[in-house]
Amino acid sequence: MKLQNARGAASSVLACGLLSLLSACGGGGSSSPSPAPMPGGSAVVSGTATYQSVPAAANGGLNYGAASFKPIRGATVQLLDVNGAVLASGATDGLGHYSIALPVAQQITVRVRAELAASPAADGPGFNFSVRDNTQGNALYVLDSAPFVATGGVARDLQAASGWGGSSYTAVRAAGPFSILDVVYAGTQKVLSVVPNLVLPTLQLYWSANNRPASGDPTQGFIGTSFFTSNAGAGQPGLFLLGAADVDTDEYDTHVVEHEFGHYLQYALSRDDSPGGPHSSGDKLDARLAFSEGWGNAWSGMALGGPLYSDSDGPRQASGFVLDVSRAPVGSDQGAYSETTLQYLLWTASQDPAIGFTPIYNAFVALKPLPAFTTAYAMSRMIKTVSPSSSTEVDALWNSVGVHGTDEYGSGETNDGGITGTAATLPVYKTHPGIGGTATYCLTSHYNVGQFAYKLGTTQFIRFDVPAAGTHTLSVTRSAQTTDTAATDPDFMLLRSDGTRTVADTNSLNPDGSPSNAETLASTSLSAGTTVIALSDFNMPAKSTAASPDTLRCFDLKVN
Amino acid sequence: MTRHSDVFARLVAARFLLGAAAAGAALLGAQAHAQTTQAVKPSKPAAWVHAPSKHNGSGVVLSYSVPARLGVDSASSVELRFSGVTAEDAQVEFHFSDGLTATLADGTTPTSQALPAGRATTISLQVVPHSEGTLFINVFTRQGGRSSAQSVPLRVGDTQAKTKVKPERAAQTTPEGENVISLPSSSR
């Protein structure tokens, strides 16, 4: 057996482990192998690494009584000497097996890193995902065996236990990072099933038992909620996950983790135009937000092989909820503004033999250069583009849940979501007069109850044609049609015909600090073709109740 | 200056701070409380903060107003406001950190209560922390079959000193210079 020294030889083994769900890749078999001793006092260390998985109960809470050990798949494995230096490395395969040659028999520790890694190669994938503690300098979680003398063929299994003591956590929660890692493994396998040599940007996932749902300093565990961010520091993406026992933990809420990994994939492979912010079931949302969150929910089902999304919380993690992404939305929850609609559409399409996951994936990737915002309309258009044979099925499915647009701009949509008049939601994209033209667009707080959020009506989508590439200035100023006197703060997202995007969201203040009620993007390059804008108001007031009067905010857009 | 292009920035509560004046107007009906211990004047006026919301959660919007600093064994007023209640089954449940006691205006300990649909509800608490550091009011809301958990942090004592996170396992540095947290394998 060829020696795999330190880190250098690891990548091919790691990739092999990830790509081989069922086949042996240095490991093999259904039980821990015991290789024959190597001559010259060397050794082969092998075994199986597992973590304790805690499933969801029917109410979405965790069912510790049904916990079981599952393989740690695709993780980096190291053999360490007595000083902790790396002697050799490899990876677990799809069954959690590993087998690593050691040139000289000696006392070692086996270390399983909470890391999936594959160095990009000509014919293989490339990625690096790791689970770290944001409250301890982003340290990497590792699972260590007790030290032992490795000689000849020696088997050493490793187990990461949950630490659950029957009514509370009474021991180290070692399984948490590996449960998270396995969700990422499943998601990675799913995308590699379509593109085996996919190369993805590095992602660090941050989990700590101190991570709780409170605003503040993430290094103290105040992460707010589980979320993905494209910039967790130094421009690197990051995924933060809750871990506070008896409050809200997500390490075993596999669909929650996969949902956030879905946001990472949208960042890495597609384009996410969502403005973010609060949202929940039944909300009528900005169509970009509805798509992003609906994708996350549906993706979690696709990657994990089931439509039931559960999320635990509360004392002993015994409470929670379950949502079924295969359940069709009803009534006013049908529309491109509904994340329930989007999760249903994407899940159902992925399971439909006439459509399937591959067109979903290819359309998802094809959204990236599309000069239309990432919405249900754009996704429909791109599925039909990458898989013309599924067009009839796609149209029927989309129409069945109140999404009627015929192209990526929602042309022909008849579902207004209940907003007509000055701030009408239809047409989905308003047509601007073009270069040199000025027009007024109005937003409404109609569905903006309780707190600011990007709801249906708080954003207007606008499109115009650029006849030739050039430099232009776009300005948005408060219009007299605005119905209240408070300061406005217009913002807009500009999407060019080549798919590149610029967000204009300064604080809209004059030099003296007074509100300018305006936003300008000066001398920006526009490519020829269709350009679109999403216009919103950062200061759009929230209504205290749904019955409270609506606020109308209107703005003049000028393109020079 | 870019202000809120990034998802992470969107999630921080600073974005959702409400003006203290508006908050005061909303709280005109807030009830006074019998105090069993000496009240502490907040170090600065308490602003209203929107608690971050989890995706797919209850949809109930929690805002809170707490003193910037609380004193050990001293009573302070905390206001919790719930909006975005659209279903008839909405309710809130409270759990408190060890070392923190709380009472409602009638002197009872808050556990759970229904939230009426179609209007905002403000719940006033008198809290008494019994130790320094950061303590939490853990708020669980349920509506329409969904749930959310949110922690309201209460900083007790010297707020200049950064609260030290208590790690499950201390980080170590490997010979290669990498920081790791060694978790023990439970296998033999």
Side-chain angles (χ1 to χ4, degrees), chain A residues 83-86 133 135-137 139-145 157-161 172-174 209-210 212-216 220-221 224-232 247-248 276-282 293 311 313-315 319-321 323 449-452 503 505-507 544-545 547, chain B residues 1-8 10-13 15-16 49-59 61 63 83-84 86 93 95 118-120 136 138 140 144-153 162-163 165-171 174-176 178-187:
Chain A
N83 297 314
V86 178
D133 187 343
T135 68
Q136 290 203 73
L140 176 76
Y141 288 105
V142 297
L143 179 68
D144 286 341
S145 74
D157 294 340
L158 286 87
Q159 288 186 336
V172 175
R173 292 161 63 182
N210 292 302
R212 63 170 55 246
S215 298
Q220 299 291 301
T225 187
S226 293
F227 68 99
F228 166 76
T229 173
S230 60
N231 185 7
V247 183
D248 196 348
H279 60 95
S280 189
S281 170
E293 299 304 328
D311 189 359
D313 60 31
S319 304
F321 66 88
L323 69 88
V449 179
Q451 64 180 323
F452 177 87
V503 175
D505 64 346
T506 60
N507 283 325
S544 58
T545 71
Chain B
M1 179 184 72
T2 298
R3 182 185 55 205
H4 53 85
S5 301
D6 182 70
V7 175
F8 183 80
R10 293 183 213 127
L11 284 167
V12 296
R15 154 127 206 212
F16 300 109
V49 176
H50 273 301
S53 304
K54 194 172 193 179
H55 62 78
N56 295 321
S58 70
V61 179
S63 309
S83 57
T86 56
E93 185 175 322
H95 291 267
R119 65 182 176 87
F136 299 95
N138 295 312
F140 302 93
R146 305 285 184 89
S147 60
S148 292
Q150 289 151 317
S151 291
V152 176
K162 199 172 187 179
T163 303
V165 171
K166 182 183 177 184
E168 263 199 322
R169 303 276 288 183
T174 68
E176 290 81 11
E178 183 179 30
N179 288 334
V180 299
I181 297 173
S182 175
L183 305 168
S185 168
S186 59
S187 64

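Reckoned from all heavy atoms, side chains included, excluding hydrogens, waters and symmetry mates. All values derive from a computational prediction rather than experimental measurement. Chain A is the first sequence line, chain B the second, and so forth, proteins listed ahead of strands; every chain is numbered from 1.
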Engineer: Is there a side-chain contact between A:Pro278 and B:His50 (heavy atoms, below 4.5 Å)?
Structural biologist: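 No - every pair of side-chain heavy atoms lies 4.5 Å or more apart.
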
Engineer: If you count heavy-atom pairs within less than 4.5 Å of chain B, which of A:Val172, A:Asn83, A:Asp133, A:Val449 leads?
Structural biologist: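 The residue among A:Val172, A:Asn83, A:Asp133, A:Val449 with the greatest pair count is A:Val172.
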
Engineer: Is it the side chain or the backbone of A:Ala547 that comes within 4.5 Å of chain B heavy atoms, both, or neither?
Structural biologist: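 Looking at A:Ala547, nothing touches chain B.
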
Engineer: Is there a side-chain contact between B:Asn56 and A:Asp311 in this structure, where contact means two heavy atoms from C-beta onward sitting under 4.5 Å apart?
Structural biologist: no

Engineer: Is it the backbone or the side chain of A:Asn210 that comes under 4.5 Å from a heavy atom of chain B, or both, or neither?
Structural biologist: side chain

Engineer: So which residue, A:Gly282, A:Ala85, A:Ser319, A:Ala209, ends up with the most heavy-atom pairs under 4.5 Å with chain B?
Structural biologist: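 Maximum pair count with chain B is reached by A:Ala85.
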
Engineer: May I ask you to name which of B:Gly57, B:Ser58, B:Ser151, B:Pro175 has the most heavy-atom pairs under 4.5 Å with chain A?
Structural biologist: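 With the most close heavy-atom pairs to chain A, the winner is B:Ser151.
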
Engineer: Say you draw a straight line from CG of A:Leu140 to CD1 of B:Ile181; how long is it, rounded to the nearest 0.5 Å?
Structural biologist: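 Spacing of CG (A:Leu140) from CD1 (B:Ile181) equals 8.5 Å.
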
Engineer: Show the nearest heavy-atom pair for residues B:Pro153 and A:Ala214, with the distance to one decimal.
Structural biologist: CD-CB, 4.3 Å

Engineer: Can you tell which of A:Ser544, A:Gly320, A:Ala160, A:Ser281 has the highest number of heavy-atom pairs within less than 4.5 Å of chain B?
Structural biologist: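 Looking at each option in turn, the highest pair count goes to A:Ser281.
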
Engineer: Minimum heavy-atom separation for B:Ser53 and A:Gln451, please, with both atom names.
Structural biologist: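 That closest heavy-atom pairing would be OG-NE2, 3.7 Å.
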
Engineer: What option among B:Ala120, B:Gly84, B:Pro184, B:Gly144 has the most heavy-atom pairs under 4.5 Å with chain A?
Structural biologist: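 So the answer, after comparing B:Ala120, B:Gly84, B:Pro184, B:Gly144, is B:Pro184.
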
Engineer: Which heavy-atom pair separates B:Leu183 from A:Tyr141 by the least distance, and what is that distance?
Structural biologist: CD1-CD2, 3.9 Å

Engineer: At what distance, to the nearest 0.5 angstrom, does CG of A:Asp313 lie from CZ of B:Arg146?
Structural biologist: 12.5 Å

Engineer: Between A:Pro315, A:Gly450, A:Ser280, A:Pro213, which has the largest tally of heavy atom pairs under 4.5 Å with chain B?
Structural biologist: A:Pro213

Engineer: Which pair of non-hydrogen atoms, one from B:Ser185 and one from A:Ser145, has the smallest distance, and what is that distance?
Structural biologist: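 Reported closest heavy-atom pair: CB-CA, 4.2 Å.
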
Engineer: Run the side chain to side chain donor-acceptor pair (under 3.5 Å) test against A:Asp248 and tell me which residues pass, sequence neighbours left out.
Structural biologist: B:Lys54

Engineer: Would you check if the side chain of A:Gln136 reaches a backbone N or O of B:Arg169 as a donor-acceptor pair within less than 3.5 Å?
Structural biologist: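 Yes.
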
Engineer: So what's closer than 4.5 Å to chain A heavy atoms on B:His95: side chain, backbone, both or neither?
Structural biologist: side chain

Engineer: Side chain, backbone, both or neither: which part of B:Asn138 has a heavy atom under 4.5 Å from chain A?
Structural biologist: side chain

Engineer: Just give me the residue among A:Gly314, A:Ala232, A:Gly221 that pairs up with chain B most often, heavy atom to heavy atom, under 4.5 Å.
Structural biologist: A:Gly314

Engineer: Which distance, rounded to the nearest 0.5 Å, do you find between the OG of B:Ser182 and the CG of A:Leu143?
Structural biologist: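 Output value for this atom pair is 8.0 Å.
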
